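Report on one structure; see the data block that follows.
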Amino acid sequence: MAKVLNSLLSTIMIFLLTFTWAYYCIKNVTWALALSATVSVCACYLLWKSLSKWDDGKRLKKQQKKAIADFAEYLKFGEDNASLFEDMLKYYGFEVFKTDYDSLDAVKNGVKSYAVIHFEQDALSKDALRNAVVDAKRRKAEKLYVFTCKADQPLQKLANAHIPTSFIDAKNTYQLFEQCDKLPAVKIKSRAKSSFVAKYALCKQRFGWYLGSCLFLTAVSIVSYFPWYTLAWATVMFALALYSLLNKKYNIIETRVKLD
């Protein structure tokens, strides 16, 4: 609803501003109306597309993708990933026995499983999969869990031909940790912080204030002794309104990553 209202208000303001500027320039109401209507329709479409990019789903997807990439990178250089996964698996009802730094025995409902954590590469290799399958058989496991960045379909079929295998990629691994609130503290490169004044003056909440100022100055320009000067400031106010509505720098979404 907010997206519709913001688009509508901005389009109306674009129409009024364009009409006022056009009328002052060409002194013809018909042409001014035609020009402002054309500009408004185009602007409405562009605004709607821009605001659509700010949908929560798309924003969360982008944030989620970055968080998952950071998490996978963290696991690639983890010195004891098994201890990290031990706590997570216990949450989901497994009885866990760590075998080394990258693998565990896990028992649930009487079924013995073998879990391998393989984030050394972006994609699981055939040799790494073979080693995991062989180790699972040697440990008399009935099922194999492979936690990895990603595994190709042929490798999944190959593993299941020898032992029932579940492949958990980086996204689903992140989901498991996120759901049980056991995500490790991943260090992320800090970004330069914006000043408090800029965050206050240029965030989405200031959109209505700038738009109202623009409308007021546009109305004043009609009766003002200096219409061009007043209208110029009205245009500046409208530009600030659009920037505060659309910019991502000062409209950072502080939200918890959600996964299905």
Side-chain angles (χ1 to χ4, degrees), residues 55-188 255-260:
D55 285 349
D56 286 343
K58 292 182 180 180
R59 283 179 290 175
L60 287 177
K61 185 176 179 181
K62 185 176 181 180
Q63 292 179 357
Q64 183 187 97
K65 187 176 180 180
K66 178 66 169 62
I68 293 170
D70 290 333
F71 178 63
E73 190 71 11
Y74 175 87
L75 293 177
K76 286 180 183 178
F77 293 92
E79 71 277 9
D80 187 8
N81 287 333
S83 294
L84 185 67
F85 278 72
E86 182 178 8
D87 290 338
M88 182 269 288
L89 289 172
K90 284 180 179 178
Y91 176 87
Y92 290 103
F94 286 90
E95 187 179 358
V96 183
F97 307 93
K98 191 171 79 168
T99 58
D100 58 35
Y101 293 124
D102 291 299
S103 62
L104 313 97
D105 286 326
V107 180
K108 185 177 182 180
N109 298 328
V111 178
K112 183 179 180 180
S113 302
Y114 183 60
V116 175
I117 306 145
H118 194 285
F119 281 83
E120 286 85 354
Q121 301 169 345
D122 290 333
L124 186 67
S125 66
K126 187 175 181 179
D127 286 340
L129 177 62
R130 185 195 66 82
N131 291 334
V133 170
V134 171
D135 287 344
K137 288 182 175 182
R138 286 173 178 171
R139 303 191 72 82
K140 308 299 181 184
E142 300 173 58
K143 186 172 182 179
L144 172 64
Y145 289 94
V146 180
F147 295 89
T148 185
C149 288
K150 65 177 182 178
D152 296 331
Q153 195 67 29
L155 288 182
Q156 297 183 31
K157 291 181 179 179
L158 177 63
N160 278 284
H162 297 278
I163 184 173
T165 307
S166 292
F167 290 85
I168 300 93
D169 61 13
K171 179 180 177 181
N172 289 318
T173 302
Y174 183 96
Q175 175 186 3
L176 292 171
F177 276 92
E178 194 271 342
Q179 286 176 166
C180 64
D181 197 25
K182 294 187 180 296
L183 280 170
V186 180
K187 293 183 179 179
I188 303 173
T255 185
R256 188 166 175 262
V257 175
K258 295 180 181 178
L259 289 166
D260 294 331

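None of the values given here were measured: they were computed from a predicted structure. Values below: every heavy atom of this structure, side chains too, minus hydrogens, waters and symmetry copies.
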> Who passes ring pair (Phe, Tyr, Trp, His ring centres under 6.0 Å) against Phe177, sequence neighbours left out?
Replying inline: Phe71, Phe85
> With sequence neighbours excluded, what pairs up with Glu73 under the salt bridge (Lys or Arg N to Asp or Glu O under 4.0 Å) test?
Replying inline: Lys76
> Listed by chain and number, what are the salt bridge (Lys or Arg N to Asp or Glu O under 4.0 Å) partners of Asp152, not counting sequence neighbours?
Replying inline: none
>> Can you tell me how far apart CG (Leu75) and SG (Cys149) are? Round to the nearest 0.5 Å.
In response: 8.0 Å
>> Let me confirm one number: the CZ-CG distance from Phe97 to Leu89, rounded to the nearest 0.5 Å.
In response: 12.0 Å
Considering only residues two or more places apart or on different chains, which pairs with a residue in [range] satisfy side-chain hydrogen bond (donor to acceptor under 3.5 Å, both in side chains)?
{"range": "residues 154-168", "value": "Lys143-Ser166"}
{"range": "residues 128-139", "value": "Asp105-Arg139"}
{"range": "residues 90-100", "value": "Asp80-Lys98, Ser83-Lys98, Glu86-Lys90, Tyr92-Gln179, Thr99-Ser103, Asp100-Ser103"}

Shortest non-hydrogen separation from [X] to [Y] and the atoms involved:
{"X": "Ala128", "Y": "His118", "value": "CB-NE2, 3.2 Å"}
{"X": "Ala159", "Y": "Leu129", "value": "CB-CD1, 3.8 Å"}
{"X": "Asp102", "Y": "Ala82", "value": "N-CB, 4.0 Å"}
{"X": "Leu155", "Y": "Phe167", "value": "O-CZ, 4.1 Å"}
{"X": "Met88", "Y": "Leu176", "value": "SD-CB, 4.0 Å"}
{"X": "Lys140", "Y": "Lys112", "value": "O-CD, 3.9 Å"}

Should [X] and [Y] count as side-chain neighbours, where that means a heavy-atom distance under 4.5 Å?
{"X": "Ile163", "Y": "Tyr114", "result": "no"}
{"X": "Ile117", "Y": "Leu104", "result": "yes"}
{"X": "Phe119", "Y": "Thr173", "result": "yes"}

>> For Asp169, give me all partners under side-chain hydrogen bond (donor to acceptor under 3.5 Å, both in side chains), at least two apart in sequence or on another chain.
In response: Asn172
>> Taking side-chain hydrogen bond (donor to acceptor under 3.5 Å, both in side chains) as the definition, give me every residue that meets it alongside Tyr101, ordered by chain and number, with sequence neighbours left out.
In response: none
